[in-house]
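Notes follow the structure.
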Protein chains: 2
Amino acid sequence: MRLLLVEDDPALGEGIRAALKPEGYTVDWLLDGLSAVHAIEQESFDLVILDLGLPRLDGLQVLKRVRSGKHQLPVLVLTARDATGDRIAGLDAGADDYLVKPFDVAELKARLRALLRRSFNRSEPLLEYRGIVLDPSSQLVTWQGQSLSLPRKEFLLLHELLVQPGRVLTRDRLQQVLYGWDEEVESNALEVHVHHLRKKFFPELIRTVRGVGYMAEKA
Amino acid sequence: MRLLLVEDDPALGEGIRAALKPEGYTVDWLLDGLSAVHAIEQESFDLVILDLGLPRLDGLQVLKRVRSGKHQLPVLVLTARDATGDRIAGLDAGADDYLVKPFDVAELKARLRALLRRSFNRSEPLLEYRGIVLDPSSQLVTWQGQSLSLPRKEFLLLHELLVQPGRVLTRDRLQQVLYGWDEEVESNALEVHVHHLRKKFFPELIRTVRGVGYMAEKA
DNA sequence: CGGCAGTCTTAACCGACCCTTAAGCACGAA
DNA sequence: TTCGTGCTTAAGGGTCGGTTAAGACTGCCG
């Protein structure tokens, strides 16, 4: 589960991040609104935690930009206690939930779970590719009449590849999907996952683009 | 189908109303508890959607008044997430179902349908799955010609799983079914219940989806 | 009041699975 | 052939869920 945290207070940001990592979230953290917009447009997140008071581009503007896109990306907004107007404005701009600072970490976690659950129940479409059907909400795959559950990373990887067949995904891109930005893996873990997927399904499922990355052939 | 909506937040009230109208419901909307009591006594509704935090007369009081009457009017209660006591109190006062804000509209619709179906049939339909028959009204289960009574939590759990086989229920979802939204259980109680069910029936009854939750295989 | 039965949570332990790592092999390009 | 890149395989550490038993709590009955 990959989250984008947009928060300019270093202490708070670090705190949130530290709290969420053990829960199994991959947390990417940006400190200003402009970078956030770019990241959201180019990467793929499951949820955004957005502070409203941000340098370079205000949180509300970020929210509006996100909503103008097609993504139904859930956004949890953090507001200062006394910023009454923010709340209203945020509602209008389409935030999915709020938290007023200072807040309890347990509360944050609970709201995240609720939001993610909602967004996944929101019938995320099944993904089909050559007889393989992915169900993002349950992390389950149907293949040759059997339903099997893939390990989390394998599912993430496969999902990323099949979202848009024919597109070549660089090694870096894939590693970001699996690990986020910082925690780099300096081994061939990615290749091992690919190997497992090829074995579970069929070898031609994932084509190697030597020196670049991997792709699923356009059907 | 005529519903009474009692909700003092104008935005939320309008939202719910707008969502339900296209479904063919007639929605009357009141903003305080006192008017609600009067309306319920004098008019005839098929169901009430009741917020607990209300001006003039608290939602709980409304609920008690309704229940003291002879009407078996189904009541769906809306509660704020952090209102810890509300849930328990609401249960005691006889609400038929709950929804915690913020909620998904699809969820609301689904619960309404379920409630209305229940109230019209009076007898909730038996649930059958691979030779196991659940009777929600008596909390009894028939299995291999024997009728046995399950402990409450086990029954709830099993019922939730069998309502829609093939659907994966997250741990969170199941814990909410068993415990509600506030009281967190920081142990493996859920797994223990699952274990008991598997032992009483057969192990394949409940399939583990690692990292996600549990499911009953589609028959 | 005391004991019993049923329910549920807690905690410790264990096995299975997930993921990374690393070493050796295969294969394509120069 | 040689080098570089990716593939294959297996081992280990960590995490998750399963299993079991003990104890708290409740309601019931003597």
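Bear in mind the structure is a predicted one, so any value in this text is a computation, not a measurement. Values reported hereafter were calculated over all heavy atoms of this structure, with side chains retained and with hydrogens, waters and symmetry mates removed.
Checking A:S149 against A:E186, the closest nucleotide of DNA chain C that is more toward the 5' end is the one next to A:S149. If B:T208 and A:V212 are placed on DNA chain D by their nearest nucleotide, the residue sitting closer to the 5' end is A:V212. Both A:S187 and A:L150 lie close to DNA chain C; mapped to their nearest nucleotides by heavy-atom distance, the more 5′-ward contact belongs to A:L150.
Taking 4.0 angstrom as the limit, A:R210 places none of its side-chain polar atoms (N or O) nearer than this to OP1 or OP2 of C:dC27. OP1 or OP2 of C:dC19 has not a single side-chain nitrogen or oxygen of A:Y179 nearer than 4.0 Å. Taking side-chain N and O atoms only, A:Y214 has a distance below 4.0 Å to OP1 or OP2 of D:dC7.
Within the 4.5 Å cutoff, side-chain heavy atoms of A:L20 are placed close to those of A:K109. Side-chain atoms of B:I132 and B:V141, non-hydrogen and from C-beta on, do get closer than 4.5 Å to each other.
Here C:dG6 presents its C1' atom at 14 Å from CZ of B:R152, a figure rounded to the nearest Å. Across the protein-nucleic acid pair, B:L178 atom CG and C:dT9 atom P stand 8 Å apart, rounded to whole Å. A straight line from CG of B:L157 to C1' of D:dG18 spans 15 Å, rounded to a whole angstrom. For B:D172 and D:dC16, the CG to P distance is 14 Å, given to the nearest whole Å. Whole-Å rounding puts the A:K153 NZ to C:dT21 C1' distance at 14 Å. Following rounding to the nearest Å, B:E204 (CD) and D:dG18 (C1') show an atom-to-atom distance of 15 Å. For the pair A:L174 CG and D:dG6 P, the computed distance is 12 Å after rounding to whole Å. The separation between B:R207 atom CZ and D:dG17 atom C1' is 15 Å, rounded to whole Å.
Looking at heavy-atom distances under 4.0 Å, B:F155 makes no contact with the nucleic acid at all.
Contacts between residues 191-203 of chain B and DNA chain C, counted as heavy-atom distances below 4.0 Å, involve B:V192, B:H193.
Among the nucleotides C:dA23, D:dT19, C:dT20, the one closest to the side chain of B:N188 is D:dT19.
When the local axes at the two ends of the helix from C:dC1-D:dG30 to C:dA30-D:dT1 are compared, using 5 base pairs at each end, they differ in direction by 10° after rounding to 10°.
Distance alone, capped at 3.5 Å, places no donor-acceptor pair between the A:Q144 side chain and the A:Q146 backbone. With hydrogens and angles ignored, the 3.5 Å screen pairs a side-chain donor or acceptor of A:W29 with a backbone N or O of A:E7. Of the possible donor and acceptor atoms, one in the side chain of A:D46 sits under 3.5 Å from a partner among the backbone N and O of A:R2. A distance-only check finds a donor-acceptor pair linking the side chain of A:E128 to the backbone of A:G131 [under 3.5 Å].
Using modelled atom types, one finds a donor on one side chain and an acceptor on the other under 3.5 Å when comparing B:R207 with A:S147.
Note on B:R173 versus B:E160: salt bridge recorded, some NZ/NE/NH1/NH2 to OD/OE distance being below 4.0 Å.
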Using a 3.5 Å cut-off and no angle test, enumerate the donor-acceptor pairs between side-chain atoms of residues 198-205 of chain A and protein atoms at least two apart in sequence or in another chain.
| residue | atom | partner | partner atom | Å |
| --- | --- | --- | --- | --- |
| A:R198 | NE | A:I206 | O | 3.0 |
| A:R198 | NH2 | A:I206 | O | 2.8 |
| A:R198 | NH2 | A:T208 | OG1 | 2.7 |
| A:K200 | NZ | A:E154 | OE1 | 2.8 |

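Note on ring orientation: taking the six-membered ring where Trp is involved, the planes of A:F155 and A:H159 are parallel (angle under 30°, cut-offs 30° and 60°).
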